[in-house]
2 protein chains.
Amino acid sequence: MEEFAAVSGISRPTVSKYFHDPDSVRASTRARIEEALERYDYRPNVYAMNQNRRLTKNVGIVVPYLADPFFAEIARNLEQRCIDAGYRPTLYSSHGIPDQEVEILDGLRSLKPAGVLLAPLGRASHKKEIERFCKAVPTVIFDSNIEGMGAAFIGSDNASFVDQTVDYLSRSGDAPCFFEMRHPANPNANKRRIAYLNRMEALGLTPHVISVPGEGWAFEEIGRQGGLQVLKRDQLTSDTVLCSNDRLAIGFLSACYERNVRVGIGEGFDLRVASMDDHPFARFTCPPLTTAAHDYEAVSNRSVETLFELIEAGGKFGTRNETLYPARLILRASA
Amino acid sequence: MEEFAAVSGISRPTVSKYFHDPDSVRASTRARIEEALERYDYRPNVYAMNQNRRLTKNVGIVVPYLADPFFAEIARNLEQRCIDAGYRPTLYSSHGIPDQEVEILDGLRSLKPAGVLLAPLGRASHKKEIERFCKAVPTVIFDSNIEGMGAAFIGSDNASFVDQTVDYLSRSGDAPCFFEMRHPANPNANKRRIAYLNRMEALGLTPHVISVPGEGWAFEEIGRQGGLQVLKRDQLTSDTVLCSNDRLAIGFLSACYERNVRVGIGEGFDLRVASMDDHPFARFTCPPLTTAAHDYEAVSNRSVETLFELIEAGGKFGTRNETLYPARLILRASA
DNA sequence: CTCAGAAATTTCCGCGCGTAAAATTTTTGT
DNA sequence: ACAAAAATTTTACGCGCGGAAATTTCTGAG
């Protein structure tokens, strides 16, 4: 940088300031630096930069399961917004393993990130370690809430997802039974079950929850196996099924196909199946899946905005607030 | 580190050496350090460490499209193996955008990685920039080959994929026509088309390639739209379709469903559909997809092994060698 | 028990930059 | 044209560690 400052005719500290924020130097100075930059393609040493900086420009993005395209999509959004804001995002996946989640946060800490966007595993997360991390690093939790942790939570309003699907299904046909995993990894699943029970009651209908066995993040397989059992034993109390999430529904549809159960609306069909999340593949299932879509845009937007506010506020908010976005019903052929 | 060295009763440089390689110090010394580590939970500053180290322990993993669970899976594999070997992997996705790919490599360079595992976009990649990168950083290319770039290439043998599926299909029913994108983003697609033509010729059969329009990485949608057109115009020359890849096939199956074309084997079915890749969702399509599976394990294993050899060899190999792994045929209900 | 050679440790310097304070220059407003 | 304000430069120090050379300690054969 010394040499580069020399050839560009500017003092080194000013060049340093330029790299910290190009707008913090005079326009004429900036022009001279950028001109010299063209000719010498100098780039500051990242490690030396971050060694003494109070705040790095690093942002950690941690999702529970990257092989789920839903998280891949949301991660892409978050990543791009961070880059646009001049930060260096780094993406991590816990791969559904609580220990790995802790390890990621542990490693993240030594990167001294300005902030972290964390979608925790949920029920399985090691709460204490996460809490400890949140105290040390400015963290915004998204997608899956853990009570009281992080400076803020941004996610989707599970009640809205359930209410819209239940309302639509029950006014267009039989009221739905609810298909879910018995031990959901994600707290959203519990909220959805409760919302289902509430909504059915509010509508004066009799709820019926079908909890199938299975743990972990292989939702499709769990949905398929559970679906096969349920269909074989004829445990459905309604010709309409609302799945707790799309990946479960994809597995359930697969089971229906195998059992020769025709899924769709109206004459010639045995079953209506709807779900929640609007998974990227939901429109390509057979039949295409009626579902409730997340407001990706809003969630990721608000998440990064909140994180930047948090960073500017010095890493602490007065109160931890939670933002929930409603769902948008997507009608397709399955229900 | 100075302080930590003091409380553990060891000199700082020795502690430094310990962190560089715990086995490089005497056992008694190591024990004392690790004991002190328990009590003070000190961790070396990553930035100061990497500032003067010849080689960092960073490894970059770059995939073309992370929202494709196939790449998410392979990335997970690679990531884990790097961690096991004591490296710090960082995952990046080009999101199907050539400029982004270049930007990632650009940013990666300032991280001074020990090596990089790169699955390039392929046809769309900015070749010159990638070549420049490969010259500066020890790089192993995987999944999608770019002639002559990187120190080695590890991927799947497209001919094996095609031969196995074509052989199976043509001996169990009508010979397949080949369904593909007109302008495939990935060079594997071209190799597969050529392999199809060759194999059909070798078997004395008449090949028929159906190229549908569409660019980018939204393969499912391209497959669906293309499928709808093909079915509407009745352009299939055979009752058996071999899709160039599973994501395309998922879209094609969706089109079949919409057009009321029954996919499966034997009586009561109109069409057999097979494909290649064994996408994580291929077993959950309706019907489940007959496909040729990558040897994930072997590809990721060999890729990281090669990278480590490359790093130990100082970043250069005498000759660039290519390793291809054969496919494994997965029979399901679709063909 | 002794001594050479190897291994471990210490001493010392510098990496490339951030940052603070003071001095100087440039810009802005009147 | 002049003073005040803003931007820039100078000066100086330190961050936390890596690495080479010098020194000490340890190991094993004689």
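Letters A, B, ... are given to chains in the order of the sequence lines, protein chains preceding strands, and every chain is numbered from 1.
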| message | Which label fits A:F19 and A:F4: parallel for a plane angle under 30°, tilted from 30 to 60°, or perpendicular past 60°? | response | tilted
| said: In this structure, how many angstroms lie between the P atom of D:dG16 and the OH atom of B:Y18, rounded? | reply: 21 Å
| request: Measure the spacing between SG of B:C134 and CG of B:L105 and express it to the nearest 0.5 Å. | output: 7.5 Å
| message | Just the rounded figure in Å: distance from P of C:dG16 to CE of B:M49. | response | 17 Å
| query | Which atom names give the shortest non-hydrogen contact between A:L66 and A:S93, and what distance separates them? | reply | N-OG, 3.2 Å
| task | Mind calculating the distance between CZ (B:R32) and P (C:dT9) to the nearest angstrom? | result | 8 Å
| In chain order, what residues pass the ring pair (Phe, Tyr, Trp, His ring centres under 6.0 Å) check against B:Y325, with sequence neighbours excluded? | none
| task | Report the distance from atom CD of A:Q100 to atom CG of A:L121, rounding to the nearest 0.5 Å. | result | 9.5 Å
N/O to N/O distances under 3.5 Å, protein versus nucleotides 11-15 of chain D:
unit_1: D:dG14; atom_1: N2; unit_2: A:N52; atom_2: ND2; d: 2.6
unit_1: D:dC15; atom_1: O4'; unit_2: A:N52; atom_2: OD1; d: 3.4
unit_1: D:dC15; atom_1: O2; unit_2: A:N52; atom_2: OD1; d: 3.0
unit_1: D:dC15; atom_1: O2; unit_2: A:N52; atom_2: ND2; d: 2.7

Please write out the pairs of protein N or O atoms and N or O atoms of nucleotides 3-7 of chain D separated by less than 3.5 Å, giving the distance to one decimal.
unit_1: D:dA7; atom_1: O3'; unit_2: A:R26; atom_2: NE; d: 3.4

| said: So, OP1 or OP2 of D:dT8: does either fall under 4.0 Å of a side-chain N or O from A:T14? | reply: no
| said: Taking salt bridge (Lys or Arg N to Asp or Glu O under 4.0 Å) as the cut-off, I'd like each qualifying pair that reaches into residues 82-108 of chain A, sequence neighbours left out, listed once. | reply: A:D106-B:R43
| said: Give me each pair satisfying salt bridge (Lys or Arg N to Asp or Glu O under 4.0 Å) with a member in residues 57-73 of chain A, each pair once, sequence neighbours excluded. | reply: A:D68-A:R247, A:E73-A:R76
| C:dC17 P sits how many Å from A:K57 NZ, rounded? | 18 Å
| Would you say C:dG18 has OP1 or OP2 under 4.0 Å from some side-chain N or O of A:S16? | yes
| request: Mind checking B:Y42 for me? I need base, sugar-phosphate or nothing, with any heavy atom below 4.0 Å counting as a touch. | output: sugar-phosphate
| query | NA contact type, A:F19, heavy-atom cut-off 4.0 Å: base, sugar-phosphate, or nothing? | reply | nothing
| A:R30 CZ to D:dT8 C1': how many Å, rounded? | 17 Å
| field | Spacing of OG belonging to A:S156 relative to NE2 belonging to A:H294, to within rounding of 0.5 Å | value | 4.5 Å
| said: Tell me the interatomic distance from B:N50, atom CG, to D:dG19, atom P, rounded to whole angstroms. | reply: 10 Å
| task | Find the distance B:H20:NE2 to C:dA8:P and express it as a whole number of Å. | result | 14 Å
| query | Can you list the residues that meet the side-chain hydrogen bond (donor to acceptor under 3.5 Å, both in side chains) rule with A:N77, with sequence neighbours excluded? | reply | A:R81
